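Contents: one structure, followed by commentary.
Being a predicted model, the structure only gives us computed values, none of them experimental. Chain letters run A, B, ... following the sequence lines, proteins first, then strands; residues in each count from 1.
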Protein chains: 2
Amino acid sequence: MWANNEVGTVQPIAELVKIAHEYKTVFHSDAVQAVGCLEVHFQNTDLDAMTVSGHKVGGPQGIGALVVKRDIELTPLLHGGGQERDVRSGTLAAPSIAGFAAATTTAVSQSVSRAARLSSLRKDLVKRIQEQIPDVVLNGDAENRLPGNAHFSFKGCEGDALLMLLDAQGIECSTGSACSAGIPQPSHVLLAMGRDEITARASLRFSFGATSTPDDVDAVMQVLPAIVERAKRAGKPAVAK
Amino acid sequence: MWANNEVGTVQPIAELVKIAHEYKTVFHSDAVQAVGCLEVHFQNTDLDAMTVSGHKVGGPQGIGALVVKRDIELTPLLHGGGQERDVRSGTLAAPSIAGFAAATTTAVSQSVSRAARLSSLRKDLVKRIQEQIPDVVLNGDAENRLPGNAHFSFKGCEGDALLMLLDAQGIECSTGSACSAGIPQPSHVLLAMGRDEITARASLRFSFGATSTPDDVDAVMQVLPAIVERAKRAGKPAVAK
């Protein structure tokens with residue numbers, strides 16, 4: 001992944017590609033989270049393949065692109081009409097493709113200003129959470145992360161409890177990736193990073209986007225300290241067997 | 001296929017399913033062309049699986065559904081987030097799904113009246129072509145076909161020549177499936193039906209849809225006889241090696 005969808009850490013893709021190529025290994029990067037937030041130059045990295053998606057750049061859902069170097073041979077998964085030079089059969093979703101292209105063009109052209117704006121909001125939130133809330137752990141790299149991503153473990157809390165209490169105040173966060181929404185399992189990303197299960201389940205992701213403002217940071221900080229206290233009193237998270 | 005996308009022939013799916021099940025064979029039907037034009041009752045046929053698509057019922061492109069019996073085990077082709085109970089990973093395209101559902105509901109509720117209307121237009125076109133144009137072969141079953149599909153071989157003509165000449169008169173047809181548009185190969189469907197290569201390449205599909213009217217049939221018949229004569233004079237189709 002160019003940037004992780006949960007904790008927001010940005011990987012040194014160009015360096016990793018270099019190592020992979022030393023060992024004659026083909027390298028694909030999931031850049032879905034990165035495009036529009038970071039400068040993503042497929043050619044500069046020497047990547048062999050890269051995936052991007054419409055719904056993360058303000059475009060339609062259900063559309064994405066696999067960018068590949070010209071000399072990479074692909075094995076089709078979907079067979080039939082032979083569209084897209086036999087790589088992916090199926091009637092092309094022309095309106096979605098056009099929407100995806102327009103959204104990507106806009107997102108990429110605005111990515112530098114957008115990154116600066118979201119980064120400033122995120123840094124403010126991170127600083128204020130670390131100052132005002134005890135026993136908090138920032139997950140992911142402090143600097144080298146998606147500009148709009150702030151991911152914390154609030155020790156002694158259950159992430160789901162924080163999620164519900166914030167939702168009741170009109171603040172929407174998430175406890176993990178959208179893929180695993182509703183699944184009461186600790187994040188595989190946090191466990192792989194060495195967090196224990198209780199800390200993993202005590203985590204919450206704040207994401208800033210196109211419509212976010214400094215007022216939103218103020219709104220979070222007005223209610224979060226009390227919500228964390230309340231969640232702590234509700235008891236420590238149960239550990240799944 | 002419940003109904004063929006080129007020549008429009010409707011298959012006796014319930015009978016075929018019965019035979020397949022006698023031999024313990026799982027049966028899937030591509031019903032993309034049938035839904036909205038014919039009465040498609042998944043349960044009445046005892047089918048194991050069936051595919052339908054949004055763009056053939058007036059809904060969005062890029063969305064479809066695989067309908068399966070509850071006891072069929074599926075092997076996923078796409079892996080990742082585990083959406084759709086692990087059968088097809090990927091962020092769900094919610095707007096497309098909603099559009100597909102709305103379009104399908106409308107198309108299915110109107111399918112009987114729509115079939116009657118399109119069938120009448122098609123029968124009129126078929127009758128007038130057979131009366132007015134010599135050396136013409138109707139491909140596919142004369143009665144048991146998609147209501148809006150009229151597929152002919154115009155002997156002595158090249159299908160592409162007819163296509164261009166009709167296009168110049170504002171009449172849009174096709175020489176095969178959209179999947180193979182621009183590919184100068186005779187239709188595999190017609191060859192499989194026993195047509196020789198020259199006859200297969202002399203074919204043209206007329207399709208009626210939601211906006212078609214009797215005036216459209218008149219418009220075709222005003223120009224088609226002269227166009228066929230002109231295409232014949234342009235020479236017989238070349239046979240691909």
Worksheet item: Does the side chain of B:Pro95 come within less than 4.5 Å of A:Gln61's, by heavy atoms?
Response: yes
Fill in: Among A:Ser96, A:Gly90, A:Ala94, residue most engaged with chain B (heavy-atom pairs, under 4.5 Å)
A:Ala94
Worksheet item: Does any heavy atom of chain B fall under 4.5 Å from the side chain of A:Leu78, the backbone, both, or neither of them?
Response: side chain
Worksheet item: For A:Lys69, does the NZ atom sit with more than 12 other heavy atoms under 6.0 Å from it, leaving out its own atoms?
Response: yes
Worksheet item: Can you pull the salt bridge (charged side-chain N to carboxylate O under 4.0 Å, His left out) pairs that have at least one residue in residues 7-17 of chain A, sequence neighbours excluded?
Response: none
Discussion item. Report which part of B:Ile63 has an atom under 4.5 Å of a heavy atom belonging to chain A: side chain, backbone, both, or neither.
Written reply: neither
Item to complete: Please say whether more than 12 non-hydrogen atoms of neighbouring residues, nucleotides or ligands are located less than 6.0 Å from CZ in A:Arg117.
Response: yes
